*Asks:* 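My structure is below; once you've seen it, I'll send some questions.
All of these numbers come straight from a predicted model, not from anything done at the bench. Labels below follow one simple rule: chain letters A, B, ... track the order of the sequence lines, proteins then strands, and each chain is numbered from 1.
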Amino acid sequence: TIGMVVIHKMGNIAAGTSTNGIKFKIPGRIGDSPIPGSGAYADDMVGAAAATGDGDILMRFVPSYQAVEYMRRGENPTTACEKVISRIQKYFPKFFGAVICANVTGSYGAACNKLSTFTQFQFMVYNPLKSEPTEEKVDCI
Amino acid sequence: FGQLPLILNTWPFKNATMAAWKMLAAGGSALDAVESGCATCEQQQCDGSVGFGGSPDESGETTLDAMIMDGTTMNVGAVGDLRRIKNAIGVARKVLEHTTHTLLAGEAATKFAESMGFINEDLSTNVSQALHSDWLARNCQPNYWKNVIPDSSKYCGPYKPPTILKRDGIAYKDPAHSYSHD
């Protein structure tokens, strides 16, 4: 799955997702990716977020919307992402998932749920401070 | 504080990031950039989890989900369970641009896509067919059924509900594959 957030230099924000879902799904199953607020969410007044992982769990928590709302309340992107992961962890400690967050100023962050097979999450960043798309990673919590 | 413009995407899909950046550099909007970045991943089948030829369902078919959201207008276009159309994010953009709906799904979404000029084509590949064949050979393991007969942890379907439902309390099974995800 790819989840993407773009903030234009004029402040316009867009977000999106594309995926072929999970392997061997029951036909008809739709994951979190095409659900606004779940797979991704954007609001020019605040920022945007996108999620990836087990969509059957993620969509129950509308994590991208929740991350944007945390940022609206003043949290920085990293903290907003971490709070979303923590919220899901309380109910599903072993869920597979990660979230990327960015605010309208161009600050960004990410968070993921730590599993034995998933300890770091890699994501891509490109802004004028970088000469090319740059891979970054965070330690899962 | 960061710098604008900003492209941020999940997983190390560098070509998608670059495509989005180039779109902005060419004068495109944030929406254009998201569409371009996601479409690049669909074409390049990013790690097998995006686009055609990946994640076959129980019947061996690849279906696609995509969504695009405009944070200025709060307009959204999305498709779920899209069948036989490769450019899912493109169809989602058409839902945003040419309808007042938010999410179209399944065969009807395919019909919508065709009406918008997208080509109806098979999304399976040798890779996805092999994945499916291997899964069948493993007695359809893993799968996402529970509380059915025959026992879904041992046998393939078709499944049906038992006469008496024994609630097992299982709300979540560990991911079937580390890299099978949305």
*Asks:* Which residue out of G55(A), G31(A), P27(A), A110(A) racks up the most heavy-atom pairs below 4.5 Å with chain B?
*Replies:*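 Looking at each option in turn, the highest pair count goes to P27(A).
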*Asks:* Among the clusters formed by ILVMFWY side chains lying less than 4.5 Å apart, do V125(A) and I100(A) turn up in the same one?
*Replies:*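 Same cluster: V125(A) reaches I100(A) through Ile, Leu, Val, Met, Phe, Trp or Tyr contacts under 4.5 Å.
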*Asks:* What part of V104(A) gets within 4.5 angstrom of chain B, counting heavy atoms only: side chain, backbone, both, or neither?
*Replies:*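 It is the backbone, since no side chain atom gets that close.
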*Asks:* T19(A) and S49(B): which non-hydrogen atoms are nearest, and at how many Å?
*Replies:*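 Shortest heavy-atom separation between T19(A) and S49(B) comes out as OG1-O, 3.4 Å.
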*Asks:* For E132(A), is it the side chain, the backbone, both, or neither that has a heavy atom closer than 4.5 Å to a heavy atom of chain B?
*Replies:* side chain
*Asks:* Can you tell me if S33(A) and D65(B) form a side-chain donor-acceptor pair at under 3.5 Å?
*Replies:*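 Looking only at side-chain atoms, D65(B) and S33(A) do not form any donor-acceptor pair under 3.5 Å.
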*Asks:* Does any heavy atom of chain B fall under 4.5 Å from the side chain of A40(A), the backbone, both, or neither of them?
*Replies:*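 Looking at A40(A), backbone and side chain both touch chain B.
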*Asks:* Is it the case that over 12 heavy atoms from other parts of the model lie below 6.0 angstrom from the NE2 atom of H101(B)?
*Replies:* no
*Asks:* Determine whether more than 12 heavy atoms belonging to other residues, nucleotides or ligands lie under 6.0 Å from atom NZ of K22(B).
*Replies:*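 Open: at most 12 neighbouring heavy atoms sit under 6.0 Å from NZ of K22(B).
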*Asks:* Considering residues, nucleotides and ligands other than F118(B), do more than 12 of their heavy atoms fall under 6.0 Å from its CZ?
*Replies:*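 Result for CZ/F118(B): enclosed.
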*Asks:* Can you tell if the side chain of L24(B) reaches within under 4.5 Å of the side chain of H8(A), non-hydrogen atoms only?
*Replies:* yes
*Asks:* For P12(B) versus E135(A), what's the shortest heavy-atom pair and its separation?
*Replies:*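 Taking every non-hydrogen atom into account, CB-OE1, 3.4 Å.
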*Asks:* Pick one of side chain, backbone, both or neither for L103(B), based on which atoms fall under 4.5 Å of a heavy atom in chain A.
*Replies:* side chain
*Asks:* Could you see if M59(A) belongs to whatever hydrophobic cluster contains F92(A)? Use Ile, Leu, Val, Met, Phe, Trp, Tyr and a side-chain cutoff under 4.5 Å.
*Replies:*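 The answer is no; the residues belong to distinct hydrophobic clusters.
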*Asks:* Name the region of V79(B), side chain, backbone, both or neither, that has any atom closer than 4.5 Å to a heavy atom of chain A.
*Replies:* backbone
*Asks:* Which one, A88(B), G51(B), G106(B), S59(B), leads in non-hydrogen pairs under 4.5 Å with chain A?
*Replies:*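 Max contact count across the listed options: G51(B).
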*Asks:* Establish whether V62(A) and M71(A) are linked, either directly or via other cluster members, by ILVMFWY side-chain heavy-atom contacts under 4.5 Å.
*Replies:*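 Yes, one cluster joins them.
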*Asks:* Given that the side chain runs from C-beta out, which part of C46(B) has a heavy atom under 4.5 Å from chain A: side chain, backbone, both or neither?
*Replies:* neither
*Asks:* Shorter than 4.5 Å, heavy atoms on both sides: which option in E136(A), K137(A), K9(A) has the most such pairs with chain B?
*Replies:*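 Answer, by heavy-atom pair count under 4.5 Å with chain B: K9(A).
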*Asks:* R93(B) versus chain A, heavy atoms under 4.5 Å apart: side chain, backbone, both or neither?
*Replies:*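 It is neither, since no heavy atom gets under 4.5 Å.
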*Asks:* Quick one: closest heavy-atom pair of A102(A) and L6(B), and the distance?
*Replies:* CB-CD2, 3.6 Å
*Asks:* Between A78(B), A20(B), A30(B), A105(B), which residue shows the highest count of heavy-atom pairs closer than 4.5 Å to chain A?
*Replies:* A30(B)
*Asks:* What are the two closest heavy atoms between P5(B) and P128(A), and how far apart are they?
*Replies:* O-CD, 3.2 Å
*Asks:* Should N9(B) and F123(A) be marked as a side-chain contact (heavy atoms from CB on, under 4.5 Å) after you check the CA-CA gap, both sets of side-chain angles, and the distance that decides it?
*Replies:* CA-CA 6 Å; N9(B) 64 263; F123(A) 59 101; over 6 Å; no
*Asks:* Applying the side-chain contact (heavy atoms from CB on, under 4.5 Å) test to P36(A), which of T102(B), N75(B), I68(B) qualifies?
*Replies:* T102(B)
*Asks:* Rounded at 0.5 Å granularity, tell me how far CD in Q45(B) sits from CG in N20(A).
*Replies:* 9.0 Å
*Asks:* Relative to chain B, which segment of I35(A) carries a heavy atom at a distance below 4.5 Å: side chain, backbone, both, or neither?
*Replies:* both
*Asks:* Check the pair H181(B), T52(A) against side-chain contact (heavy atoms from CB on, under 4.5 Å), reporting the backbone distance first and the verdict last.
*Replies:* CA-CA 7 Å; H181(B) 58 76; T52(A) 183; 3.6 Å; yes
*Asks:* Within the 4.5 Å heavy-atom criterion, are F24(A) and C140(B) side-chain neighbours or not?
*Replies:*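 Answer no - side chains too far apart.
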*Asks:* Which region of L64(B), side chain (C-beta onward) or backbone (N, CA, C, O), has a non-hydrogen atom less than 4.5 Å from a non-hydrogen atom of chain A, or is it both or neither?
*Replies:* both
*Asks:* Search all heavy atoms of V6(A) against all heavy atoms of V34(B) and return the closest pair with its distance.
*Replies:* CG2-CG2, 3.6 Å
*Asks:* Could you tell me which of L58(A), I7(A), N12(A) has the largest number of non-hydrogen atom pairs under 4.5 Å with chain B?
*Replies:* I7(A)
*Asks:* Looking at N126(B), I'd like to know if its CG atom is crowded, meaning that more than 12 non-hydrogen atoms belonging to other residues, nucleotides or ligands lie closer than 6.0 Å.
*Replies:* no
*Asks:* I13(A) and Y41(A): same hydrophobic cluster, using ILVMFWY side-chain contacts below 4.5 Å?
*Replies:* no
*Asks:* Where does L82(B) contact chain A at under 4.5 Å (heavy atoms): side chain, backbone, both or neither?
*Replies:* neither
*Asks:* Just say parallel, tilted or perpendicular for the rings of W21(B) and Y126(A), cut-offs at 30° and 60°.
*Replies:* parallel
*Asks:* Quick check on T62(B) against chain A: is it the side chain, the backbone, both or neither that has a heavy atom closer than 4.5 Å?
*Replies:*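 Side chain only.
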*Asks:* What option among A42(A), A98(A), A50(A) has the most heavy-atom pairs under 4.5 Å with chain B?
*Replies:*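 Max contact count across the listed options: A42(A).
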*Asks:* Judged by atom type as modelled, is there a donor-acceptor pair below 3.5 Å linking the side chain of K25(A) to the main-chain atoms of S55(B)?
*Replies:*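 Indeed, once roles are kept as given, a pair shorter than 3.5 Å links the two residues.
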*Asks:* Can you confirm whether the side chains of T1(A) and D182(B) place a donor and an acceptor under 3.5 Å from each other?
*Replies:*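 The answer is no; no qualifying pair exists.
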*Asks:* Aromatic rings W11(B) and F121(A): how do their planes relate, parallel, tilted or perpendicular, breaks at 30° and 60°?
*Replies:*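 Ring orientation of W11(B) relative to F121(A): perpendicular.
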*Asks:* Please classify the contact of M74(B) with chain A as side chain, backbone, both or neither, using a heavy-atom distance under 4.5 Å.
*Replies:*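 For M74(B), the side chain is the part near chain A, not the backbone.
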*Asks:* Does the side chain of L131(B) come within less than 4.5 Å of K23(A)'s, by heavy atoms?
*Replies:* yes
*Asks:* List the atom of M4(A), the atom of A16(B), and the distance in Å for their closest heavy-atom pair.
*Replies:*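 Answer, listing the atom of M4(A) first, then A16(B): CE-O, 3.6 Å.
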*Asks:* So do the side chains of I7(B) and M124(A) get within less than 4.5 Å of each other, counting heavy atoms only?
*Replies:* no
*Asks:* Between OG of S107(A) and CG of L4(B), what distance do you get to the nearest 0.5 Å?
*Replies:*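 If I round to the nearest 0.5 Å, the distance is 9.0 Å.
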*Asks:* Is there a continuous path of hydrophobic side-chain contacts, each under 4.5 Å between heavy atoms, that joins V46(A) to M69(B)?
*Replies:*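 Yes.
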